[in-house]
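Structure record follows, encoded as structure tokens.
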Amino acid sequence: MLDPRRFRQDPEAIAEALKIRGFELDLATYHDLEDARHTLQTELETLQHERNVKSKHIGVAKQQGEDITPLVAEVGDLGSRLDALRDKFQQIQESLHDFLLHVPNLPDASVPPGDSEEENVELRVWGKRPEFDFEPKDHVELAGTSLDFEASVRISGSRFSVLKGNLAKLHRCLIQFMLDVHIEEHGYEELYVPFIVNRETMTATGQLPKFEDDVFFVRGEIDRFLIPTAEVPITNMVRDQILDFSELPLLYVSHTPCFRRESGSHGKDTRGLIRVHQFEKVELVHITHPDASWEALETLTRHAETILQRLGLPYRAVVLCGGDLGFAAAKTIDLEVWLPGFDRYREVSSCSNFVDFQARRAQARFRPDPTARTELVHTLNGSGLAIGRTLLAILENYQRADGTVQLPEVLIPYMGGVEVLQF
RNA sequence: GGAGAGGUGGCCGAGCGGUUGAAGGCGCUCCCCUGCUAAGGGAGUAUGGGCAGAAACCCAUCGAGGGUUCGAAUCCCUCCCUCUCCGCCA
């Protein structure tokens, strides 16, 4: 959520800044709500004050043994007038809050203009794309029966996967490898977190209220949702917390499954592991001092890149243009791995700085020094990396003419000495 | 699943219908005193909002939401959560 004060001060400037991401701010509605809020609030508070004063008088009079009936009469219908006014005020407050919850974050000044993916700007390219003296296969062809979509369709439906044998093991080892690097070399603290979360948690990170159609809902006594990314539970570690200055930055890493409805992507990426309802990720989250978040975005992105480099996978880093930017992000750098089977780069990590946007929704604060007022922290996250897509990138980049796959050096110890995958 | 006890500030904890945003303690900040140390004295110390900011003033907030009342931390209802005992269970 954007700062309501800043909003009040200059909504036109905010509307202008949001145009970069192609968001049309409904200024008329905003002004209507804000004006109504202001009028009602003043009116309500005056009336409340009146009631408080009179009630206090009654208390004093009663204690002194005076007759309070005339005083009670004087309060008259104040109560019912207050009730009516409070209802109206709360309704407006709710509408205004809801309005603000639907407004995306302001893009950082460095975010390039553009409407779609095509206008993202390449920052750097790493690694040499493999050259094959044969026609490279995609991961579905390569994995053969180790990737059992017939089973996953029977078990759950389309867009799920069943991995078998060494392919399933490689999938598990990738998780282990990534966690080890981030914990032992990059200094992250590992977390194990819930995969089913409540509405408040989903609202804090920005998935709700706007994107309820994109996530899986769990039926029950209270509303709960399957996490679409580990960012949700991890960032909510600091929801409603007041951290000490000395605790920052917090660096968390966690491996979780991610569940997505993919409701807007019918017919898109239907082949293989590229776009599924359930996949695994190792996620990096930074909770930082507001002055440190831009540097942290660099650090976090480099940490994710380290994984690709260790695995010897060619990739490029792109900065997302305004039109491709996610709802809560101020700036995002995507890491895209080269996929020979698709003859293109595909996203394996998305590293974002949310500045205070999520922190405000989450009321995640810190105290700069013992006497100071609390301030909002900044939050960042990025995949380090998406497991399924990394797995298929390994298959496609390391494939050989005979259909076997040579494993990257760093994974061999994890695989118990297995150097080549045969399917 | 059954029975019971609870949820109050950064933390502990009192209050159970009126001037209580909340005693007391711990912690923290500033000042004073004490030649170190230990200890002592004083003042201050929630969040959000009315309001860009400061002061003053005002409003709201005692797990959440409703209700009763002139007035609710306090009484009633619903929900959420925590703890203890029993049962069940990876």
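Just so we're on the same page: letters track the sequence lines, and every chain starts at 1.
The shortest distance between the side-chain N/O atoms of A:Arg8 and the OP1/OP2 oxygens of B:rG50 is below 4.0 Å. A close approach under 4.0 Å does occur between a side-chain nitrogen or oxygen of A:Asn52 and OP1 or OP2 of B:rA60. Within the structure, a side-chain polar atom (N or O) of A:His49 is placed less than 4.0 Å from OP1 or OP2 of B:rC59. Contact check, A:Arg367 against B:rC28: no side-chain N or O comes under 4.0 Å of OP1 or OP2.
Atom CD of A:Gln90 and atom P of B:rG49 are 17 Å apart (whole Å). We find that CZ of A:Arg81 is positioned 13 Å from P of B:rG71, with the value rounded to whole Å. Note: CG (A:Asp83) to P (B:rA72) measures 11 Å, nearest angstrom. In this structure, A:Asp87 places its CG atom 9 Å from P of B:rG66, rounding to the nearest Å. As a whole-Å value, the separation of A:His97 NE2 from B:rG48 C1' is 12 Å.
One side chain, A:Asp180 or A:Tyr414, offers a donor N or O that lies under 3.5 Å from an acceptor on the other. Between the side chains of A:Tyr252 and A:His182, no donor-acceptor pair is found at a separation under 3.5 Å.
Using Watson-Crick or G-U wobble geometry with both donor-acceptor distances under 3.5 Å, B:rU82 finds its partner in B:rA5. In this structure B:rA72 sits in no base pair that meets the Watson-Crick or G-U test at under 3.5 Å. When Watson-Crick and G-U wobble pairs are counted only if both distances are under 3.5 Å, B:rU61 pairs with B:rA46. For B:rA52, there is no paired base (Watson-Crick or G-U wobble, both distances below 3.5 Å).
Within 4.0 Å (heavy atoms only), A:Arg365 reaches sugar-phosphate atoms of the nucleic acid but no base atom. At the heavy-atom level, A:Arg37 lies under 4.0 Å from the strands shown only through sugar-phosphate atoms.
Considering only the side chain of A:Gln48, B:rA60 comes nearest among B:rA60, B:rG50, B:rU47. Of the listed nucleotides (B:rC58, B:rG71, B:rG49), B:rG71 has the atom at the smallest distance from the side chain of A:Arg51. Here B:rG18 is the nucleotide among B:rG49, B:rG18, B:rG10 with the atom lying nearest to any side-chain atom of A:Lys62. For A:Arg224, whose side chain is taken as the heavy atoms from C-beta onward, the closest listed nucleotide among B:rG71, B:rG10, B:rC81 is B:rC81.
Using modelled atom types, no side-chain atom of A:Asp32 and backbone atom of A:Asp35 make a donor-acceptor pair closer than 3.5 Å.
Sequence order on RNA chain B of the closest nucleotides to A:Ile58 and A:Gln93 puts A:Gln93 first from the 5' end. The 5' end of RNA chain B is approached more closely, in terms of each residue's nearest nucleotide, by A:Pro4 than by the other of A:Val75 and A:Pro4.
Side chains of A:Ile92 and A:Gln41 form no contact here, defined as non-hydrogen atoms less than 4.5 Å apart.
In this structure, A:Phe357 has its ring center closer than 6.0 angstrom to the ring center of A:Phe327.
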A:Tyr30/A:Phe7 under ring-ring contact (aromatic ring centres under 6.0 Å, His included): CA gap, chis, key distance, verdict | CA-CA 9 Å; A:Tyr30 173 73; A:Phe7 226 110; 4.7 Å; yes
